[in-house]
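Index from 1, following the sequence.
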Amino acid sequence: MVLQAQEGRGLTTTAPRVLVATAVPAERDAVARSFTPAPLEVPLPGVTLHRILHGRGGHDLLAAGVGPARAAASTATALTAAALAGTPYDLVVCAGIGGGFQPDAPVGSLVVADTITVADLGADTATGFLPVTELGFGTVTHHPPETLVRAVADATGARAGVVLTVSTVTGTAERAAELRARHPRALAEAMEGFGVAEAAAAHGTPVLEIRAVSNPVGPRDRAAWRIGDALAALTEGFGKLAPALESWNPHEL
């Protein structure tokens with residue numbers, strides 16, 4: 001929790017507490033490699049945090065699981081545990097690798113979400129896809145803090161845009177074109193961002209999503225995937241990202 005206290009000459013602030021949720025341990029470990037101290041394992045019911053203390057702040061890293069449902073459940077567990085301990089998080093970051101829409105998000109590049117949108121929560125109809133909001137309930141979009149998105153983009157060189165959350169990874173050119181037609185500003189797709197954002201929203205905590213592009217969105221061609229390069233880009237990006245997060249004031253949303 002960001003603590004503020006009046007001390008004679010003004011306001012003093014500690015760095016924010018950040019929860020970083022990835023899908024799998026390989027992504028979590030790529031984030032951890034951007035920090036010097038080795039993480040300390042902190043077991044919670046159903047999940048294990050990897051805690052890193054650095055500078056004026058700290059990060060808890062969580063391999064939350066694949067897909068929006070598991071990611072939401074694991075993230076909610078960590079958020080609830082922190083709240084019950086009296087040390088709630090100031091920010092949740094969904095981080096990892098993902099597919100990039102070409103040519104705007106080439107393989108090896110970084111994308112930061114200014115909009116996190118679930119692409120396939122709704123209904124198929126004779127006239128096309130209807131998002132759940134047009135059915136009269138639910139939500140499909142979360143917006144990270146604009147000032148933080150700009151700071152992260154400036155610090156890392158990431159391009160800002162829409163990151164889609166899907167339950168089924170795109171595997172055809174037709175599906176890629178359909179998604180891009182419905183979401184013209186989409187830069188990347190992955191499987192956890194919306195679930196992490198839903199958990200964060202339930203706790204009133206700001207959320208951020210950053211992705212390193214490992215493959216083009218479209219026909220499934222494993223030979224074209226560059227997972228190692230994307231994980232390296234995630235490590236490098238988080239090394240530049242951490243100072244921006246440490247200096248960010250969550251009260252200036």
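Between the side chains of T115 and T117, no donor-acceptor pair is found at a separation under 3.5 Å.
Each of I210, L187, T156 was checked for a side chain to side chain contact (heavy atoms under 4.5 Å, CB included) with V111, and the lone residue meeting it is L187.
No donor-acceptor distance shorter than 3.5 angstrom exists from the side chain of R220 to the backbone of V217, with no hydrogens or angles considered. In this structure, E41 contributes its side chain and H50 its backbone to no donor-acceptor pair below 3.5 Å. At distances below 3.5 Å, at least one donor-acceptor pair connects side-chain atoms of T235 with backbone N or O atoms of A30. Using modelled atom types, no side-chain atom of D114 and backbone atom of V149 make a donor-acceptor pair closer than 3.5 Å. Under the 3.5 Å distance criterion, the side-chain polar atoms of E27 are matched with a main-chain donor or acceptor of I97. Judged purely by atom type and a 3.5 angstrom limit, E134 has no side-chain atom pairing as donor or acceptor with the backbone of L130.
The two residues A72 and G195 make their nearest non-hydrogen contact at CB-O, 3.3 Å. Contact between C94 and R211 at its shortest, heavy atoms only, is SG-NH2, 3.3 Å. Shortest non-hydrogen contact noted between V107 and S214 is CG1-O, 3.9 Å. What you find for L121 and T139 is that their closest heavy atoms are CD2-O, 4.1 Å. Heavy-atom minimum distance, A78 versus L44: CA-CD1, 4.1 Å. T22 and R28 get closest at one heavy-atom pair: OG1-N, 3.3 Å.
Hydrophobic clustering (side-chain heavy atoms under 4.5 Å, transitive across Ile, Leu, Val, Met, Phe, Trp, Tyr) groups V140 together with L135. Cluster annotation: I52 and V20 are assigned to the same hydrophobic cluster (Ile/Leu/Val/Met/Phe/Trp/Tyr, side-chain heavy-atom contacts under 4.5 Å, transitive). Residue V118 is grouped with residue F137 when hydrophobic side chains (ILVMFWY) are merged at heavy-atom distances under 4.5 angstrom, including chains of intermediate members. Grouping the Ile, Leu, Val, Met, Phe, Trp and Tyr side chains by contacts below 4.5 angstrom, directly or via other members, places M191 apart from I227. Under a hydrophobic clustering in which Ile, Leu, Val, Met, Phe, Trp and Tyr are joined whenever their side-chain heavy atoms come within less than 4.5 Å, directly or via other members, L61 and V152 fall into the same cluster.
The number of heavy atoms from other shown groups lying within 6.0 Å of CD (E178) is above 12.
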Check step by step if side chain to side chain contact (heavy atoms under 4.5 Å, CB included) holds for V93 and L91. CA-CA 7 Å; V93 180; L91 177 69; 3.8 Å; yes
Start with the C-alpha distance between R180 and E189, add both sets of side-chain angles, then the distance that settles salt bridge (Lys or Arg N to Asp or Glu O under 4.0 Å), and finish with yes or no. CA-CA 11 Å; R180 200 66 183 275; E189 73 166 25; over 6 Å; no
What do the steps show when you test T165 against E192 for side chain to side chain contact (heavy atoms under 4.5 Å, CB included), and what is the final call? CA-CA 6 Å; T165 300; E192 295 76 33; over 6 Å; no
Intermediate values then yes/no, side chain to side chain contact (heavy atoms under 4.5 Å, CB included), L62 and T77: CA-CA 11 Å; L62 171 66; T77 296; over 6 Å; no
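Residues in residues 59-70 take part in these salt bridge (charged side-chain N to carboxylate O under 4.0 Å, His left out) pairs, two or more places apart or across chains: R17-D60, R51-D60.
Residues V196 and E209 form no side-chain contact, since every pair of their non-hydrogen atoms from C-beta on lies 4.5 Å or further apart. Between L19 and L49 there is a side-chain heavy-atom pair separated by less than 4.5 Å. With a 4.5 Å cut-off on side-chain heavy atoms, L164 and L179 count as touching. Between I116 and P144 the shortest side-chain heavy-atom distance falls below 4.5 Å.
Note that CD of Q102 and CG of N215 are 8.5 Å apart. Values are rounded to the nearest 0.5 Å. Atom CG of L234 sits about 7.5 Å away from atom CG of L110, to the nearest 0.5 Å.
Using cut-offs of 30° and 60° on the angle between ring planes, the pair F35 and F238 is perpendicular.
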